[in-house]
Structures are given as C-alpha cells and as structure tokens.
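Right, one structure below, let's go through it.
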Amino acid sequence: MSWRVDVRLAGSGGQGLALAATVLAEGALVAGHTVTVVQNYGPEARGGSSRSDLALSDVPIANPECPFPDLWLVLHQRAWDRFVTPAVAAGRGTLLVDGDRVQTGRAGPGVIALPFEAVARDELGAKVVANMLAVGALGCLLDRVPLATLRAAAGRRSPAAFARLNEEAVERGWAMMTGARDGARGRMSHAGRA
Amino acid sequence: MNTEKRLLRPDMMPHMLCPGCGHGIVFEAMLRVLDRRFATLDQVVFVAGIGCSSRIVGYIDAGTLHTTHGRPLTFATGLKMARPELTVIVVTGDGDGLSIGGNHLIHAARRNVDLTCLLFNNEVYGMTGGQAAPTTVRGAYTSTTPGGNRETPFDAARLAEAAGATFVARAQSYRPQLFEGILEQALDHRGFAFLEVLTDCTEYFGRTNRLGTGVDLLQSQSRAEPAIGVDLAARPTLRPVAETAVRPTLPMGVFHQSRRPTLAEALGVGGGGDELAR
Amino acid sequence: MSRARRLPEPTRPLPPAAPAGNGAHPTLTLVQGNEACARGALAAGCRFFAGYPISPSSEIAELMARELPGCGGVFLQMEDEMASLGAVLGASLGGARAMTATSGPGFSLMQEHLGYASLAEIPCVVVDVMRGGPSTGLPTLPAQGDVMQAQWGSHGDRAAVVLAPGGVAEMLELTRVAFELAERLRTPVVVLADEVIAHMREGMRLPDASQAPPPPRPGPAQPPGPAFAPYRPNAAGVAELPAFGRGYRFHVTGLMHDERGRPTSDPVVAAALLDRLERKVAPAVDLVPADTYRLADARVVLVAYGITARIARAAVDALRDQGVPAGLWRPRLLWPVPEQAMAQALAGAELVVVAEMNRGQWAREVDRVLGPGVPSAPCLKAGGSVITAEELTQHVLGARARTVAP
C-alpha cells in the first residue's frame, strides 16, 4: 500500500518559506522518497502571503498541489487568516504554528504552537533562521527524514554565510519538537503522527 | 551596369518596381556602392521586411532574408549576435520600419546593433495600394485619407537619434551621389547606422495627389534644398506649398555620429567570429 | 517556551515510515520544471535565447540569462514576443541552435513568426508554458488551452510539431528532443508545457554538464554556385538551408517560393510546397512515442497529457481499485496527431475519456480518430485549476454507468 503525505507551508513573503520547503523536499529526496514542491508566486505572492505545497510519497506523485494537507506550517497571522479557513482548521490536518506570530483562535487537538521566531532571535541570534527551526520541527513531526539528512540539506541549500547557522537551527527545531512531545507525556501513540 | 550585373540575380527579374519609382534610383546607387566596397557579397546579408522597398533585396546576389512585416530588425539582431562577422544591411520602408516595426526600430537603435538600416521613405503604402503611412504629410490624399491626411508625420531621423542610433542621416533619390556618399559612411560606421532616404511613389502618392510624373516628383524633392527650390517655385503644379500637401523642407546629410559600445561589444560577443554556430 | 503547547491527537494516522536515510536517490536533484527545460536546451546545444518576460515561463529566460554567457552563448531580452522569435530565427539562420519561451499571450504574438519559420524551414524551439486564457486570463494558474493555437494559431495550413512534457524530467528530455526534431526536420518545434509542470520541483537526474554539445547543423549536400537551390528537398523531404555567410548566397522569404527560393504565385508550386511541409514532419509520430500506464488489458482508456496525465494515472489506480479495467494512453506528441498509434491504443476500448484543462481541444482530435463507434466522454475543465483524480474517477464511473452495458 503506497502512502502520501501532504504538507503546506504558509507565511509572509520574506520568512523563507520557499527555502524551508526546498530543504524539506531535498532531505526527503535524499532519504529515498518521491517528492514534489509547488509554491504560489507572482502577484499572489508579492508582498503578501507565501505558500508552498510539499508532497511526499513512495510512488510517483500525481498532483503536486496539496489542498487538504496532512500537516501545516503557519508562520504568520496573515497567512493563517488567508489560508486556514474555518473548514481547514476543523479538518484532519495538524497545524504547526509560531505561537508568537499566529493567534489561532483555538487550542486543542490539531494545533501545535512553538515560538520559532523567539528562539531564533534569543538563542540563535538571528530572527531569519526561524524558518529552519520550523524545518527541524516539521522533520521531527514527519519522522520520514533523518535529522542528519535534513541538516545536510539545509547546509547545501543555504547561502554560504548561513550554512552553519541554518544547520544548527534545523537541529534546534527538531529538539524543540522532541521537547514538546516529551512535554506532552507521550500522548501521541507514536512519534511523527500528525 | 556590367560591374553591377555580378551583384544581381538575373533569374529574379523582371523586378516589380513601377515605372518612375524612386526606389529604382536608390537601388542602383546602392549597387554602385556595393560594387565599390565588396569583392564578393558572400559575407553580406540583406534583411528586409514587407513592402516595395523590402522586395529589392531579393534581386541582390548576397545572403538575402525577406522577413515579416515590420520585423527585419529583429531577425537582423539575432543574426548579428550569432554571426557578428557578417555585414548586415537592413532594408525597410516607412510603413515597415516606422509603423508596424516602429518599436523594433527604436530598440535596435537603443541597443546599437552594429548594422546599417536603410529606410526608404515614400510617404505611402505602395504595395497595398496607396494607403496613408506614419510619414504621410498633413493634407495629403491617400486611399485611406480621402479627405486629406489629418495626422502629423514622423521625423524618422530625429526619432532614430533620440532612440540612440549612433549614426543618423538623410538622403534623397533626387541626389544619388549624395546618397552614395552617405551610404558609404553608414557602412563604415560601427554601430547602429540609420539612413533615411526620401523617394517617391509615382503610382499611388503621385497620382492621387496629382503631382505629375516621376520626373516631376523627383524634381519636387529639390524643395528639400532651398537653393534648388527657388528655380522650381515657379512651377505651380509641383506641390504648391500653400494649397496642398507638400513634403516640408527637410535637411539632408549626416546629422549625428557618435561611438558607444555596440550590442555585441556590450555582451562580449564576436571576438572570434561565429562561436555560436560552430 | 512558556506557552502551553499541546500535541495533537493524531487526526489521520500516517502510514508507517519508509526506511529512511539510505540515500536511495543519491543522484537525484530537486529541479523545477522550467529549470529542467533550460537545462535540456543547453544540453541540446542551444546557444541563443531571445525572450520577453511573462508568467509562468520567466524562469526559463532567467536561467538562460545566467547560463548562456558562460558557455559562449547569447541571451537577449527583446522588446516583445514578435521580436523574440524574430531574433531567434535570425540567429538560427546564422547557424545557431536557438529558442524562446513564453506563455499564452506571448505565444499568440509569436504566431506569425511560427508560420514564417515553418514556411521558410528555419529550425527553432518555442516553449509555451500554458496559463489560463483567453487574453491576460489567469497569469499564474494552469491550463491546457493553447493546444489548438499551437497547431492552428498561425494563418494558413501550418504543419506543426508540438510536444507535451508530463513532468519535470520530461521538461528536460522533450526540450532536448524538440531541438533534435527541429534540426532534423528544419522546422519550429513547440514544447507545450503547463504551469504546474513548469513550476513544480521534483527529483530528477541532471545530465552531465561536461558533455560535449551536439555537432553543428549539417550544411546542404549541394555545392554553392549559381545552380544552388536552397529549397530543393533531400530524400526525407527536408530543405537543408545552409547558414548565411558560409559560401552560399541564397534568398529566404515568407512568400511561397520555388526550390531556388524565388517567390512564386503558381498554385501548383504552392500546393506542392504545402504538401511537402506536411509530409516532412510526419516522422515525428514515430520519433516521440506515447507513454502508457496499465493499458494492456484496459477497457476504459483515459487519454491525457501534461499534468493532467499524472493525475489520470492516479485515477487509473483508483478505478482499478474499484474493479474498473482502466488504463492511460499519454501522448507526448500532440501535433501531428499520432493517429495510427492512437487508433491502436484505443482499439478494443469500450469507453474513451480524454481529460484536459480546456473545453475539448484535443478531445476533438481523439473523437475524429475514433470515429462514432466508441463511446467517448471527455472530462474537461477550464478556469485555472487542475482536474483532480477524484473528479476524473467520478467522471469515468458516471460515464461508464451511462455508456457501458453492465
């Protein structure tokens, strides 16, 4: 039985969502999965909300668009307001958000809030690596790409000046998700379910 | 004409220019220049659009490219980038080069593509039956301006200069020797050389405006030169200034020449010749 | 980490993780469709690109602008699409392998020069990344609405060669094939892609960049001289024009012409030329075979190309899961229509479903080849979104219930 996991990454232009999607996709590719990425662009993306769809599978992917994601990453309120309609929020997907940037209007099953931007700024000294923290957290949730593979993908895909920092951020983001999971006292039946 | 026969394609004859057409005079003068300059036309490519003037390239035994209406400069730009070593001469008309192809003209001038652009201006669409052109003078009758032209014509030379042509000149069929000299200079120039040449359409423009025979039309061009115009001012049938359409007195000669990098130089193409087309 | 963070209840369990980290695809690179197209062109020896910015094709121009100067090529951003294809044809007549890329509105502007290139027999590649139309339409959304334009957009009876890539890897492969066909058949070849395939990224094997480019375009067999006839066809019906400035002096025109290239208005000569131009592109149908999926025993045959064909594969699986003997025939060459191969592939089908993102442009061609005997129920969708596998599956089930006796 083949499988497919759909991930949608949404945020504001400049938050590095496209790079995040690329790093995740490349990590998944190296890990042996089939992967596609599409993103919105043009006037839809300019100065507004950025959105990338990432599909992972073990077989060829038919439609790369992910209108019903299994897993969301939302890093900006504007993206939440625009993409996460009430129907979506009530749907089957898991929503990973930056808790400082996004007021979800609800808590409970299906929403994980982590302070990516705050950790990036306060612990790693660069707000811009919040996207790589999110990559690490997503990778941990997905449980389909080993941390080392994801880390290496981040290094390869980053500008040279940011390669080390981004690698660290992926690792730190992964740890954030592990910590959150441990904090939840094993409420999930197995790590990586979303 | 014997020296020029080597430059022509006899099997393309008879040509399709009308009796009295000014293009024939310009064409012959052009052949004299080619004869003087080129031992062989193997490395010369003529690129033309659509219209009476554009048809003449087919009569020349060189590389000849008869393109689409208004677009010869685009083909010439690509050809010149692929083969910078070739001499490229674009032949266009006032409708081809200034109306449908006006955008390409200003951009080729702006890019300073290293070629010679020869624009035959006869103020009218001859090939399609005498319709108004963007160069038709105000008041002139054409088949699409039955009440006289209400629009203002282009000054092609000033347009080309403003767009960045690095050689800008005007000549006329009335004085072929002047044209030959300017064409020589245009061919010597490195960069976009724009040469407008005023010629006459006897069959349409001349007839519709009752301007007389081809010879009358030719002589009327001398109005462009006030010194000669004085003699002809007494002939009222020739474009009486006050009453009907008249080509305004236009200066002739080389108006502008400057040097800046050609497109190939700016792109660093062409040092070793034809590297694109190994 | 002061905020309360609760992990979700698993709302939809993921399937067990595949063995990861084994580096199963060490040679795969994540590549965008438009990038793959440009890489294919470079690998095919393309050394001249002229284009005008337009979504969703601009990445092709951007990559060519970066890459061409480094390999001795030329990139030009022209003033419009007519100029772009004009410059491409000029460069090609100089002997360069040349291409442009555009989308719907720009493709419309290129139609006159496509016709010119066909008649004057000038090789070139034109990539059209289809977007929603007509007019400015849906600049960033997918469509497959230029299928008829690619064949009939230029006035007159043009013998078109049009390829339809079905994925990122095929964007590269078919762009390369487009150059091969263009050079061999001396004609413009169109790569008709869609926005989804052009913009998606997926893993593919990139060709070895150090590979030597193909040899230069061969000149004509005839020697230069007064008897040289540039449009005298070879045995394959192809006129092999030399490049300008290679010792041959000849005339190229968009007027009907004889073998010497002289303009003619002789109806017999003109009709023979049109015949030859159509005959000469016919071998394309054998050079670009269609792809199939679970077709061998299929009774319900889906016909789709581009992104729609990928989705149709999923629909075939879904239909098979429900006991419907479905299969896919995926043409990679849309024009000339591979009539014989299509007739063979569809022989024995009890239902044919053409799926395309337009209002039935290629479905008409399929119906024409099929004739009235076989039920045909095209699944058509225009307006800027793809046909989903669910929609297509439901469509097939509904059509089957109506047309196929239980």
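Naming: A, B, ... by sequence-line order, numbering from 1 per chain.
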To the nearest 0.5 Å, what is the distance between CZ (B:R9) and CZ (C:F250)?
9.0 Å
Measure the CE-NE2 distance between B:M12 and C:H251 for me, rounded to the nearest 0.5 Å.
4.0 Å
Give the ring-plane orientation class for B:F75 versus C:H113, where under 30° counts as parallel, over 60° as perpendicular and anything between as tilted.
perpendicular
In Å, rounded to the nearest 0.5 Å, how long is the span from CD1 of B:I50 to CG of C:L255?
6.0 Å
Roughly how far apart are B:I100 CD1 and C:M82 CE, rounded to 0.5 Å?
7.5 Å
I need the residue from C:L93, C:D80, C:V88 with the largest number of non-hydrogen atom pairs under 4.5 Å to chain B.
C:D80
Once rounded to the nearest 0.5 Å, what's the spacing between atom CG of B:L65 and atom CG of C:L89?
9.0 Å
Between C:E79 (side chain) and B:H107 (backbone), is there a donor-acceptor pair under 3.5 Å?
no
Heavy-atom contact with chain C under 4.5 Å, split by part of B:L263:
side chain
For the pair C:R249 (side chain) and B:D61 (backbone), establish whether a donor and an acceptor sit closer than 3.5 Å, ignoring hydrogens and angles.
yes
Does atom CZ of B:R37 have more than 12 heavy-atom neighbours, drawn from other residues, nucleotides or ligands, at distances under 6.0 Å?
yes
Atom pair OH (C:Y248) and CG (B:D42), whose distance is rounded to the nearest 0.5 Å
11.5 Å
Closer than 3.5 angstrom, by distance alone: can the side chain of B:R83 be matched with the main-chain N or O of C:F244 as a donor-acceptor pair?
yes
